[in-house]
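Here's the structure, in structure tokens; my notes come after.
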Amino acid sequence: MPGTSLYSFPRKPLHDWSLTPEQAVALQRELAPRVERHDRLDDVEWIAGMDIGFEDEGATTRAAVVLLHWPDLTPVDEIVHREPTRMPYLPGLLSFREIPAALSAFARLSRRPDLVMVDGQGIAHPRRLGIAAHLGLWLDLPTLGVAKKRLCGRHGEVPAARGEWTALSDKRRDEDPGDAPVDASGRVIIGALLRSRQNVKPVIVSPGHRLSLATALDWTIACLGRTKLPEPTRLADRIASRRGSRFVEPGGSRL
DNA sequence: GCGACAG
DNA sequence: ATCTTGTCGC
């Protein structure tokens with residue numbers, strides 16, 4: 001039944017995806033104010049992890065979404081969607097390169113998640129619209145970003161013990177809401193560097209859509225196993241990057 | 001003007 | 001992100 005997906009995202013298109021870098025930046029400035037913030041996130045039962053990988057020297061984009069059940073963190077669904085890559089990677093415009101494929105993957109998910117963890121920044125972005133925040137607007141769901149590297153902002157040292165974190169702050173921007181949390185120096189707090197594993201390089205957690213930094217940190221820590229990345233993102237990462245258990249094509253299975 | 005720069 | 005071998009550590 002083409003066109004009859006049980007879960008079609010989104011209900012309302014935010015825009016098409018053929019944009020010049022200049023138009024993309026203008027769009028981010030327009031969308032950033034729509035990102036919502038909440039202190040609580042209740043009734044979470046299904047958590048999704050999303051990540052993107054590439055094949056054919058970048059010609060093909062591979063989106064992976066994993067759905068886990070809370071609180072046991074058992075994977076109950078895994079989707080991999082491939083499509084032609086539409087634009088190159090440009091710092092600050094990552095979402096325009098990766099979200100289209102991600103949406104197609106989410107559309108095939110068996111259930112609508114209550115929270116989505118994305119490999120990348122949430123609002124810890126120059127215009128406060130990293131891929132996690134942008135995806136949250138499209139899916140109309142709570143999202144948070146867990147990145148391995150920093151895009152913008154400053155921070156101090158992070159204690160070496162697991163669970164410790166330090167705020168990531170940035171100079172106030174036009175996109176920041178008037179009530180945005182700030183530190184003692186008046187700098188806007190856009191995320192945090194979390195020590196997810198003892199003596200291991202910290203991950204960068206930032207709220208995406210519909211949750212606060214405190215809540216984003218709570219859920220990230222709650223989904224932590226013994227590895228550096230929280231389970232949702234770690235599993236999506238494995239699938240999207242070709243690693244994991246992928247000896248699934250012994251010379252007999254076609255289709 | 002000189003770096004920095006998610007994936 | 002991706003290309004790549006061995007290697008250090010729990």
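Atom P of nucleotide B/dG7 and atom CG of A/L94 are separated by 8 Å, given to the nearest angstrom. Across the protein-nucleic acid pair, A/I190 atom CD1 and B/dA6 atom P stand 13 Å apart, rounded to whole Å. The interatomic distance linking A/D51 (CG) with B/dA6 (P) rounds to 15 Å, in whole Å. Note: NE2 (A/H125) to P (B/dG7) measures 13 Å, nearest angstrom. The distance between atom CD1 of A/I52 and atom P of B/dG7, rounded to the nearest whole Å, is 13 Å. The CD-C1' distance, from A/E57 to B/dG7, rounds to 18 Å in whole Å. Here the P atom of nucleotide B/dA6 and the CG atom of A/D119 are 12 Å apart, to the nearest Å.
For the pair A/M50/A/F106, a side-chain contact is recorded, criterion being any heavy-atom separation below 4.5 Å from C-beta on. Under the 4.5 Å side-chain criterion, counting only non-hydrogen atoms from C-beta, A/L135 is not in contact with A/H209.
Within the 3.5 Å criterion, the main-chain N or O of A/R62 finds no donor-acceptor partner in the side chain of A/R82. Judged purely by atom type and a 3.5 angstrom limit, A/R112 uses its side chain to pair as donor or acceptor with the backbone of A/L139.
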Protein-nucleic acid N or O pairs under 3.5 Å, nucleotides 1-5 of chain B:
unit_1 : atom_1 : unit_2 : atom_2 : d
B/dC5  : OP1    : A/R150 : NH2    : 2.8

Residue pair A/D77, A/S110: steps toward the side chain to side chain donor-acceptor pair (under 3.5 Å) verdict | CA-CA 7 Å; A/D77 197 10; A/S110 57; 2.9 Å; yes

Kindly express the pairing pattern of DNA chain C in dot-bracket notation, using | wherever a base pairs with another strand and counting only Watson-Crick or G-U pairs under 3.5 Å.
-> ..........

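Linking Ile, Leu, Val, Met, Phe, Trp and Tyr whenever their side-chain heavy atoms come within less than 4.5 Å puts A/V44 and A/V205 in one cluster.
Nucleotides of DNA chain C that come within less than 4.0 Å of any heavy atom of chain A span, from the 5' end to the 3' end, C/dA1 to C/dT2.
In this structure, A/R86 fails the cation-pi test against A/F96, since its NZ or CZ atom is not both closer than 6.0 Å to the six-membered ring centre and inside 45 degrees of the ring normal.
In this structure, OG in A/S95 is found 6.0 Å from CG in A/L129, a value given to the nearest 0.5 Å.
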